[in-house]
Every structure is written in C-alpha cells, then in structure tokens.
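What follows is a set of notes on a single structure, which appears directly below.
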Amino acid sequence: MKPNYYRTHTCGDLRASDVGATVRLSGWVARTRHLGAIIFVDLRDRWGRTQCVVGEDSPHYAVVSELRRETTVRVVGQVVERQSKNAELDTGDVEVILDELEVLATSDPLPFEVVPKPVTSEATRLKYRFLDLRRDKMLRALKLRSDVIFSLRTRMVAQGFTEYQTPILTASSPEGARDYLVPSRRYPGHFYALPQAPQIFKQLLMVGGQERYFQIAPCFRDEDARADRSPGEFYQLDMEMSFVEQDDVFEVIEPVLEGVFREFSDQDVTPAPFPRIAYKDALLRYGSDKPDLRNPLQISDVSDIFAGSGFGLFEGIIAKGGVCRAVPAPGAADRSRKWWSNLEAVAKDAGAGGMAWLAFAPGKRKGSVARFFDDDRAARLADAMGLSEGDGVCFLCGAEGPTARQAGALRDAVGQRLGLVEEGCFKFCWIVDYPFYERDEDTGKIEFSHNPFSMPQGGLDALLHKDPLDILAYQYDIVCNGVELSSGAIRNHRPDIMKQAFEIAGYSAQDVEERFSGLWTAFHYGPPPHGGLAPGVDRMVMLLAGEKDIREVIAFPMNQQAQDLMMGAPATVRDDQLAELHLGVVWPKKGK
RNA sequence: GGGACGGUAGUUCAGCUGGUUUAGAACGCCGGCCUGUCACGCCGGAGGUCGCGGGUUCGAGUCCCGUCCGUCCCGCCA
C-alpha cells in the first residue's frame, strides 16, 4: 500500500519478515489487555488485527491505559517478534512496540460490542449500523456482495450484453405491488412512481433495437417484509434479449448463475442445464412452486387408492372433487405415535383438517388408516409410491390447491425430521409452463396469473380456441434451494395477441392503450420478439453467504416495518414542503 | 390488516404456581491490583419507572385488559 500520514501497513499486513521495521498503523481499538506494567492493544481495521504493546516506562502508557474500545487511533512503532505467538492471528508472530500514539477520534460507550457474533437485537444493530458494519461478518458479506455483482457484470458483458440505466422517477404501473409515489411539484395531484422493476423500459430498449440489455437494477415495491424479502427496495440482475425463444434465455443465464455460484462457494452446484419442472408438476410433486430439491421426497396423488377402501371421510372428500396426497416417510415405520402426531400438527398448522398415516412395520401395517388397507390395496400404494417394509406414509385429503401446499409443508417437515435434506449444495431448477390465466377464487373472474405481457403458448390461436384456464404461458421462475431467485418470460410483442389476451381478462383495447400507452404505442412500430428474466441479487448473495436473513447482506436495510431507524425514515416533512407539492395529510382515525 | 412469540441494568438473559430479602448473573462501564496477555486474571463500585396505561389482589416483574415496540409467519409480493 502507498504509505501516508496514517499508515504504512494495514492491520492485517505485518509478518515475521517485517521484524525491525518502523510502521504506522491506523484503526480501531478492538480490545485492550491491561497487565499492570504492560498493556496490549488489539488494533483492528477491515484487513485484520495487530497487537500493539506499551510498557510502563513509555510516555504513552497513561494515554493507552485510558483507551476505550472503538477509539480511532494512529500508532507508530517498531515491529518485533512476539515472545508468545498467537497462531490464530495472521499477524500473530509479531507485535508493534508503540512509540507514538495519536487519538484520531474518541468513542462513546458502545450500545453493543463489535465482536464476530452480534449480541444484541437487530433493531439496535440497524440503529447503529455503522458499528455493526465493522464486524468481520458484515465486512465479508458486503465484500461478497461487491464481488458477486462484479462477476455478474463481467459474465453478462462477456456474453455480449450491454448495461443500461433506466429512470428511477417514472409512472405508476397498474399491475403488481403497491408503488412508492413521488408527488410532482409542477403538476398538482400528479405523481411519479419509483419503478417496481424496469420492466417496461427494458422492453422499450428491445423495441429500440438494443438486443441484449442488462442492469443491476434497483426495484422499489411497497410490500411487507419477510426473512428473504427486504421491504422497500432490492436489486435484480435484470436482463432482456431480442429474437430469442425460452431455451435461448435459459442457455444464457444458466452459465451465469452456475458460474457465480461455483466461483463464490465450495458447495456442489447443479450443472447446467438445470432441471425443468412444469408448474403443475411442481405443485403435485413438491407442493410448492419453489421446491427445495435438496429434499429428495416427492408427493404422490393417491386419490384412486382410497376408492372403495371404506374410509368414508376421504372417499367423501374425493367424491366431491377433492384429492388425496401422500408424502412418503422412508424408514419411519418404527417411529412412535407421538412422532406421527407431531407431523399432524405441522399439517394442521399449514391449514389441513387432519392427517392420516400408515406404516409398513415388519410383518404388519399400523397407523391411523391401517384398517382400511388390505394386502392388495397396500401393495398398490407401495407400488405407486415405491415404498417397502420399514417405510411410512402420510395422507392429506381436501381441495386440490390447499392440499397440495399442505403436503408441501409436510414434505419439508418429514424430510427434515428424517434427516434426508442434503446439506452443502445449491440445487437449481426452472419452474416452467405457468398457467396464463387463473380463476379468482372470490369473484370467479378470469385473471392473469402472472405477467400479462408474457406470451401465451400457442399464441393467438390458443387464445381464440382454447379454454383460457388451459393456456400456458412462456413464463418461468428459477429456484435455488427453495428460494425463488427470479421470474421471467418470453414477452408478448404483438398488439393483436395482447388485445385478445386482455379481452379474455375483461379489459378492452382502450384499457390497454390507456394503461400501458408507452409500450402499446411502441409495439406498433416493429417490436422484435424478446424475453428475459431478473434474478434477485440480494437473494443470490444471501444464499452464497449462507444467510437466512436477507438484511445480513444489505448495508443499510430497513426493518420489517419499512423504517430506517438510523436515518429516521420515513419522517414527517414541513408544512411548506407539503404546500409546495399541493399535498395535505389525512391522518388515520385513532382507535377502532 | 391478521396470527404466534417476545419486551427486566448500556447489552444479552435468569427470575417457577402471585409473597425471601434491598429484582439477580454475565459482558460492558468506573476505580484498584497485576510484565506476556490475546474472551487476560483478581478485588471493589456505579447502573433498574421490570416497555407504557389501567385492573384484580392484603400483596404484581409474575395474573387480566388495553396500548406501544420487536422477531417470525399469513395476507401482500403482475
């Protein structure tokens, strides 16, 4: 490093070979150890930690003995070999005998200690994020984030993509999550919106002949937080390409993801091409549209097995159009009644009315529905599910949608409790063939199930001649270890097909024209066929950092209530600011 | 908007079924001792409206109601 007033070396630099040198170091007082006539000071910066030592005879002894943790200091001293070395420290062979000490800034008593593990609530960490960020773990996480983003850029550019910027102040979009709105000063009652994603802009870039777009794009959505979803804003590796089919998009992005995950982890990574699972199959076999493939269990539909079994409850539900789904529990035949009843509690938590089970114990069958299974029925079940002696199985019965998801929750629980979930790997898959429309459960109306701008499979012909609920979309998600990384689609670039698609969902051509006028107009001037997707950068880094909480890989995340406790956002503003924007506040009524 | 769990010293937590002391411990902070520590050690000290408000009770950190705050989940996330 280039020496300056503050330092000749970082706190991670010094080795035995530096013995005898006079060095300058700057950093924070991590710890002091006061042994009477000798004081050790651990000096820390983002690169490491170096032990400084001062004796009673030093003119600095008095000042050093007063040093509080996290004081910012500059020291000058001679590097010497240690009498007692510390093998756990890179700089553990040497120490610096302090000749000069300058306190650059003092620190108040700390709200929490800057140690590897946080020993305080997340709220306190966020309020004092600048202290939290000094921890090794945060330094590593943010460095990883930077490296991952750099690698993504490099990999995209290498494939002929160009990075663009798109507006942050744009128009509110009628679809999707709630928008963050920005009032206009010049136009009373008019608002900008922060983009939920640069979706329209990237499509306009395609119409603009740019062909291969990408952006590490900030996205703003006013939605509530989850462990894997930071409220307010997040980043996507947004990409779009022209003159492509679904497979072309997959072939571009698979090596990027596989490459990045191999580059930044030592774990096994699904090699491209990633497995593709139809949406319908994902719900049947995994009970989720974001299956965690580290869990090897697969759900089966066993509705027909229960026909004529004499188990009236299930037979009745199935007769009314319900389904029975079975989750295998390999090797669980010897588990206690209590074990199965705990599983039932999981199913009930997920909303199931109850759970039946059957175990193939050696020489006999047991379980809540054993008496409904004669040898023949048991054989058919075992055959259908690949079960053998020693295995067990759980049954859930009810309406198809909810039952599928409850079986998914049960699959997670069984996999975990039987220790079947593979550790130390990243399992990718595509979820493809999403339905284009779905029926709203409350209103009975037909609605777009995902992006209304994705291309229906079969095009105009399908829209004109097929049952809308049978039409699939060129819409796809990429999932890694049960985390949805992104969704994307081949877009509908044809105004005629778009008009028909919206008509089925109850919108007129005029509606489309008004609500999506920019894109609608553009599509009348020779749009190229195009498609893309947008993997979440924060989620990728979260997976690579081995974190369950996305806020651990964001420097300044908001809390779950979408507040920034350090900056105090959101906050009220002055009346004159509101007046300038032609706004008044309607305060919510207190009480109920 | 709804559900579960939580809120006790600067921080993390203990405090059982309502009554034992003056609400404890660890870390941090302040003072003292200590020349090879590296989570240094030892001795001493300060630090509390038990989130807030109300109620039940002879008596509430503990039970009840309300309220605020936090974490996770559901809704939401084309």
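Naming: A, B, ... by sequence-line order, numbering from 1 per chain.
When the nucleotides B:rC34, B:rC77, B:rC72 are ranked by their closest atom to the side chain of A:His34, B:rC34 comes out on top. Closest contact between the side chain of A:Arg226 and the listed nucleotides B:rU71, B:rC38, B:rG75 involves B:rG75. Side-chain proximity of A:Asp224 to B:rC38, B:rG1, B:rC73: nearest is B:rG1. Of all nucleotides listed (B:rC73, B:rU12, B:rC27), B:rU12 comes nearest to the side chain of A:Ser121. Considering only the side chain of A:Asn559, B:rU71 comes nearest among B:rU71, B:rU35, B:rC77. Picking from B:rC34, B:rC77, B:rC72 the nucleotide with the shortest atom distance to the side chain of A:Glu223 gives B:rC77.
If A:Glu95 and A:Thr32 are placed on RNA chain B by their nearest nucleotide, the residue sitting closer to the 5' end is A:Glu95. With RNA chain B read from its 5' end, the first of the two nearest nucleotides for A:Ala123 and A:Ile38 is the one closest to A:Ile38.
A distance of about 15 Å separates the C1' atoms of B:rG41 and B:rC27, rounded to the whole Å. Taking atom P on both B:rC64 and B:rA25, the two are 29 Å apart, rounded to the nearest angstrom.
For A:Gln561 and B:rU71, the CD to P distance is 5 Å, given to the nearest whole Å.
Using cut-offs of 30° and 60° for the angle between ring planes, the A:Tyr507 and A:Phe448 rings count as parallel. Note on ring orientation: taking the six-membered ring where Trp is involved, the planes of A:Trp430 and A:Tyr476 are perpendicular (angle over 60°, cut-offs 30° and 60°).
Ring-to-base geometry does not place A:Phe112 in a stacked arrangement with B:rU11 (centre distance under 5.5 Å, plane angle under 30° required).
Residues from residues 60-71 of chain A lying near RNA chain B, meaning a heavy-atom separation below 4.0 Å, are A:Arg68, A:Arg69 in numerical order. Listed in residue order, the members of residues 469-503 of chain A having a heavy atom less than 4.0 Å from RNA chain B come to none.
Phosphate contact (OP1/OP2 of B:rG36, side-chain N/O of A:Arg33, threshold under 4.0 Å): absent.
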